[in-house]
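Working notes, beginning with the structure itself.
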Amino acid sequence: DDSQNLFWKEFYKNIKIVPFDDTCAFEASVIVKQLKKENKMIGIVDILIAATAVAKKMPVSTLNISHFKRINKLNIIENYTENGIKPYIL
């Protein structure tokens, strides 16, 4: 219906697509090495999201704190609405 189409159009206007490039791939390899060394592996999708955020120097807002907090160089925003910070969508 029209209201649903309008909702999704407005929703996608606020999403920024961040490309996965060579720098992101390098950061992914660093993250995998760190997590394997610490025996704290997480899923590949989470690794790619984190690598992109690290490479682009962007914070991540997530409900999956338990996985993302394992990554040393990652800036996680836990309570972004309280801090007045708008999260990035990866």
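Put simply, V32 and V60 are part of the same group of oily side chains (I, L, V, M, F, W, Y) that touch within less than 4.5 Å, one to the next. Put simply, I42 and I31 are part of the same group of oily side chains (I, L, V, M, F, W, Y) that touch within less than 4.5 Å, one to the next. Cluster annotation: L48 is connected to I76 through the hydrophobic network of ILVMFWY side chains, with a link wherever side-chain heavy atoms come within less than 4.5 Å. Under the 4.5 Å side-chain contact rule for hydrophobic residues, W8 and I15 share a cluster. Note on F20: it clusters hydrophobically with V45, by side-chain heavy-atom contacts below 4.5 Å among ILVMFWY residues.
Within 6.0 Å of CZ in F7 there are more than 12 heavy atoms belonging to other residues, nucleotides or ligands. Within a 6.0 Å radius of CG in N5, other residues, nucleotides and ligands contribute more than 12 heavy atoms. Atom CD1 of I44 sits in a crowded spot, with more than 12 heavy atoms from other residues, nucleotides or ligands closer than 6.0 Å.
Remark: K9 pairs with no residue by the salt bridge (charged side-chain N to carboxylate O under 4.0 Å, His left out) rule, at least two apart or across chains. Partners of K69 by side chain to side chain donor-acceptor pair (under 3.5 Å), not counting sequence neighbours: none found.
Atom CZ of F11 sits about 13.5 Å away from atom CG of L6, to the nearest 0.5 Å. The structure places CG of N72 at 10.0 Å from CG of L74, a figure rounded to the nearest 0.5 Å. Atoms OG1 and NZ, from T23 and K57 in turn, are 8.5 Å apart once rounded to the nearest 0.5 Å. Put simply, CD1 on I49 and SG on C24 are 12.0 Å apart, with the number rounded to the nearest 0.5 Å. Here the CZ-OG distance, from F68 to S61, works out to 10.5 Å after rounding to the nearest 0.5 Å. To the nearest 0.5 Å, the span separating CG on L35 from NE2 on H67 amounts to 10.0 Å.
Listed for the E27 side chain is no donor-acceptor partner under 3.5 Å among the backbone atoms of T52.
In this structure the side chain of M41 reaches within 4.5 angstrom of the side chain of I47, judged on heavy atoms.
Taking each heavy atom of A50 and I71 in turn, the nearest pair found is CB-CD1, 3.3 Å.
Listed by first then second residue, pairs satisfying salt bridge (Lys or Arg N to Asp or Glu O under 4.0 Å) with a partner in residues 37-56 read D21-K56, not counting sequence neighbours.
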